[in-house]
Amino acid sequence: MQQTEFQAKEEKLNIRKTISKYLYKWPWFIASILIFLSGAYIYLRYSVPKYQSKTTLKFDKKQNDLSSALADLDNLGIGLGNSDELKSEAAVVNSRPILMQVVKNLNLNVEYYSAGEIKDSQLFSKVPITAKILDYTKEKFVSAAYTITEIKGDQFTLQNDKKKEFTGSFNVPVRLDFGTVILQRNSPIAAKSEYKIIFWNPIEKVKKLEKTIQVNLPDEKAMLMDISLIGTLPEKSEAILNEVTKQYNLDGQRDKNLQAQNTQEFIDKRLEVITKDLSGVENQKEDFQNRNRIVDLQAQAELALQNTSENTKALLQQQAQLDLLNSLSAEASKSNNQLMPSNLGLNPSLEQTISQYNLLVISRNKTLKQATNENPAVIEMNREIASLKDVIRDNIREQKQTVQTGISQLQNQITTNNSVIEKVPGQSKVYRGIERQQNLKEQLFLFLLQKREENAINLSVDVPKAKIVNPAFTEDAAVSPKKDIIFPGAFFLGILIPFAIFYLLFLLDDKIYSRDDIKERSRLGVLVDIPSLKDNENHLVQKNDFSELAEAFRVLVSNLKFVLPAKDSAKVIMVTSSVKGEGKTLVSVNLALTIANKNGRALLIGSDIRNPQIQRYDSEPVKRKGLTEFLYDDSVNVEDLVHTSTTNPSCDVIYAGAIPPNPQELLSNGRYQKLIEQMSAKYAYIIIDSAPLMLVSDTLSIADTADATLYVVRSGISKNILIDFANDLVRDSKLSNVSFVINDVSRRAGGYGYNYSYGYGYSQTKDKNSWWKKIFKS
């Protein structure tokens, strides 16, 4: 139970520590939020709002009953058969030929702007000056911008981006860099107004419209199509959409007329042939009557032919069908993929297949305007056209076989009946044959005339391909920019970006900052946190000192009582670190000054003979003998090496002395241990300022003399790997009774302020820096 509570408490502490690290950086979060919110405000203030304009079209489903002119007038050949065809029409709406016509009709390749102090405002309807491009002289022309700098009467001056000026007159062609243009003045122009004109290559505007115009099918079964456009000028967007629907309907009308004209040409050709055949039969009949002096042959053969009249009538109908099928077969056998005549009163399935073939040919021809024969879509449509043509040929062949079979049956019946009228004069047989040919040609002639009139009616009626359900309109709310998204998004980014940056910095940071960092990697205790000092602050503990530094070392002395063993001789405390610059000497000197008192003197020994640093804290820096001289010269008296500190009279110091060439040999020759034994009887505490462990092995040679070892790490400088190094030394028994001392701890490291740790009851020196310097101090 206690273990669970401890883990929960530790987890809570870790969360608090993590949060405090980010809260310590709160000025950066505030600054980031202000920057992003300011950027969002500036963006919203000067960005041009965009609105969505929309129009809706409705298509009628195509009916397949083509047997009469009334059925044709219901559809006029412009309906759609299914949703797949509706999807193909969506591509037609956004096709380049239609968009190119829209650009030309609305003159979209010329844009007008009213110059402003920060941004230019685009104009569309109420433009005082309009321009039109007459021709191009520059190859691969994309766009060119010109500013009207001066207007005097009918004279004007244009200036391009390169400050080159062009002078011209209104309503008179002017040659510019890219070609010839003409400008017209529609209304008076304010004196201080400045206008900018941008000329575009039409194909560039078409490409832009291809990307901005969106075609959606909200309900394919309802045959509806939504066309939308997002732009900064609603009136311009609405005009573009209205023109798109207009050009789409005109394009559909042209396709319908093209099919009708093709059928008209076919009928006219057949009428010409039938007229000649009918004229020949009538001349033959007239010649036969004149030669045989026949006045009324029908009255003579009425009785004999009464039984064969119905069969003959049926035979004529079958022969007429066969003739049409032969003509249509000749058209279908042609190798070119041209439109085929339809609405000829043939089999409904054949008529339906011909209509599908014609629609596919028209779609293929449209695609070829924008692509080549190698285009995958064109290849696929050619394959489908060839397939449909094969189906048409097979259908014609099957229908011809059916008609021929019927003709054979009727002829057999007529032959049987003719045996009954063999007694009728031979002239009657010839005459009736001529009449049959005449009736056949007349019936076919009248049928073609009827179809020609129906086709002419279809050609003359202008019905739009799609009904405009909703003319172009613009929604009230702007599509962009959206304040309800931009401001929260800017606030969120203002928090997220510094959080992400600090997260990466914290993630990559492998330095030690507080005792929590040590506890995570080591079981060794932490005796004290030494606060961070400024350069202008006193780095030595003075007499009657109530600073944070002095209080920290009092805490260290107090905690040492629980670490040091109980013994009559001097208690030896070795101060060391991993590398240079971690504050080892600072801790040694101040510990000696703090622990020394009248009842127990302290001795500080400078044992870092490679790089002695104690002299930096001496108020009377003079060259003195030290530890080095004692180690290599047996004649040196120890009493000559001891110097009393001017800061605390109860504290004595043995300096390192001269820097020797062989420090390792000197420290391991045994004289150092003798020094400690000799001094132990005179002092209560001996503090050893040793060399860094990670750089040299000098300290390990004298580590056996220490009762306790203070391992100094520096907050924000020492890395976590140094804790592992210290753990290894303890595990290998190279150091004993080791405790950590954290030096140069920031007042906010780990989220704990030293005003609470060490400042209770003591007067604190206030920071004279301004509050904003404190905020942004890292």
Side-chain angles (χ1 to χ4, degrees), residues 511-513 515 518 522 524-533 539-541 549 552-553 555-557 559-560 563 572-596 602-618 626-628 645 651 653-657 659 663-664 667 672 685-703 705-723 725-727 729-730 734-745:
K511 296 183 177 64
I512 299 169
Y513 290 95
R515 62 177 61 202
I518 295 178
S522 177
L524 301 177
V526 179
L527 296 184
V528 72
D529 296 338
I530 307 299
S532 176
L533 299 176
H539 286 54
L540 291 179
V541 176
L549 178 66
F553 277 97
V555 172
L556 174 60
V557 171
N559 291 335
L560 273 173
V563 175
V572 181
I573 305 169
M574 184 175 71
V575 181
T576 186
S577 64
S578 299
V579 294
K580 178 183 177 182
E582 291 181 305
K584 166 181 59 62
T585 303
L586 173 71
V587 173
S588 302
V589 172
N590 285 297
L591 175 61
L593 293 175
T594 304
I595 203 171
L603 174 64
L604 173 62
I605 302 177
S607 302
D608 186 2
I609 58 179
R610 292 178 183 265
N611 185 24
Q613 296 292 324
I614 294 180
Q615 290 83 348
R616 293 190 296 112
Y617 300 95
D618 195 347
L627 177 63
T628 302
S645 171
C651 178
V653 182
I654 296 178
Y655 293 96
I659 299 175
Q664 172 62 29
L667 291 173
Y672 190 88
Y685 300 96
I686 298 177
I687 292 88
I688 299 174
D689 179 30
S690 63
L693 287 166
M694 208 170 192
L695 300 179
V696 293
S697 61
D698 299 353
T699 302
L700 297 179
S701 300
I702 60 175
T705 62
D707 297 319
T709 302
L710 299 183
Y711 204 104
V712 180
V713 294
R714 186 172 181 179
S715 175
I717 300 297
S718 301
K719 296 185 178 182
N720 289 323
I721 193 173
L722 300 181
I723 304 300
F725 177 71
N727 292 333
L729 292 176
V730 175
K734 295 181 179 179
L735 295 178
S736 61
N737 198 9
V738 179
S739 300
F740 283 104
V741 172
I742 307 177
N743 181 35
D744 198 20
V745 179

Inset, instruction - Decide yes or no for I742 and Y513: does some side-chain heavy atom of the first lie under 4.5 Å from some side-chain heavy atom of the second? - result: no
Legend entry - Heavy-atom check, side chain of T594 versus side chain of L556, under 4.5 Å: no
Legend entry - Separation between CD1 of I687 and CG of L603, rounded to the nearest 0.5 Å: 7.5 Å
Legend entry - Contact check, side chains of V563 and N737, non-hydrogen atoms, under 4.5 Å: yes
Inset, instruction - Determine, step by step, whether L735 and M574 satisfy the side chain to side chain contact (heavy atoms under 4.5 Å, CB included) criterion, reporting the C-alpha distance in whole Å, the side-chain angles of both residues, the deciding distance to 0.1 Å, and the verdict. - result: CA-CA 10 Å; L735 295 178; M574 184 175 71; 3.9 Å; yes
Inset, instruction - Could you pull out the closest heavy-atom pair between L586 and H539, with the gap in Å? - result: CD1-O, 3.2 Å
Inset, instruction - Have a look at L693 and tell me which of L722, T699, T709 forms a side chain to side chain contact (heavy atoms under 4.5 Å, CB included) with it. - result: T699
Inset, instruction - Determine whether the side chains of Y672 and S701 contain a donor N or O and an acceptor N or O closer than 3.5 Å. - result: no
Inset, instruction - May I ask you to test the S690-D698 pair for a side-chain heavy-atom distance under 4.5 Å? - result: no
Inset, instruction - Using modelled atom types only, decide if a donor and an acceptor are shared between the side chain of R714 and the backbone of G581 within a distance under 3.5 Å. - result: yes
Inset, instruction - Could you point out which residue of L710, V575, I605, D608 forms a side chain to side chain contact (heavy atoms under 4.5 Å, CB included) with S588? - result: V575
Legend entry - Gap separating the CG atom of L700 from the NZ atom of K734, nearest 0.5 angstrom: 6.0 Å
Inset, instruction - Over all heavy atoms of both residues, which pair between S736 and A706 is shortest? Give the atoms and the distance, please. - result: OG-O, 4.4 Å
Legend entry - S607 side chain near L627 side chain, heavy-atom distance below 4.5 Å: yes
Legend entry - Nearest-0.5 Å distance that lies between atom CD1 in I609 and atom CG in N611: 11.5 Å
Legend entry - Closest contact, heavy atoms only, A596 versus A602: CB-CB, 3.5 Å
Inset, instruction - Kindly compute the distance separating CD1 (I614) from CD1 (I654), expressed to the nearest 0.5 Å. - result: 10.0 Å
Legend entry - Distance (rounded to the nearest 0.5 Å) between I595 CD1 and Y685 OH: 4.5 Å
Inset, instruction - For residues L591 and L560, determine if any side-chain heavy atom of one lies less than 4.5 Å from a side-chain heavy atom of the other. - result: yes
Legend entry - Donor-acceptor side-chain pairing of S532 and D744 below 3.5 angstrom: yes
Legend entry - Side chains of I512 and N720 in contact at under 4.5 Å (non-hydrogen atoms): yes
Legend entry - Any donor-acceptor N/O pair, K584 side chain to D689 backbone, under 3.5 Å: no
Legend entry - Gap between atom OG of S522 and atom CD1 of I723 - 0.5 Å precision: 6.5 Å
Inset, instruction - Indicate yes or no for a side-chain donor-acceptor contact from N743 to the backbone of E582 under 3.5 Å, with no hydrogens or angles considered. - result: yes
Inset, instruction - Heavy atoms only: give me the nearest S578-P692 pair and the separation to one decimal. - result: O-CB, 3.5 Å
Legend entry - Residue pair Y711, T576: steps toward the side chain to side chain contact (heavy atoms under 4.5 Å, CB included) verdict: CA-CA 5 Å; Y711 204 104; T576 186; 4.1 Å; yes
Inset, instruction - Sequence neighbours left out, what passes side chain to side chain contact (heavy atoms under 4.5 Å, CB included) with L540? Give chain and number order. - result: N538, Q542, V589, N590, L593, Y617, T647
Inset, instruction - For the pair T628 (side chain) and A656 (backbone), establish whether a donor and an acceptor sit closer than 3.5 Å, ignoring hydrogens and angles. - result: yes
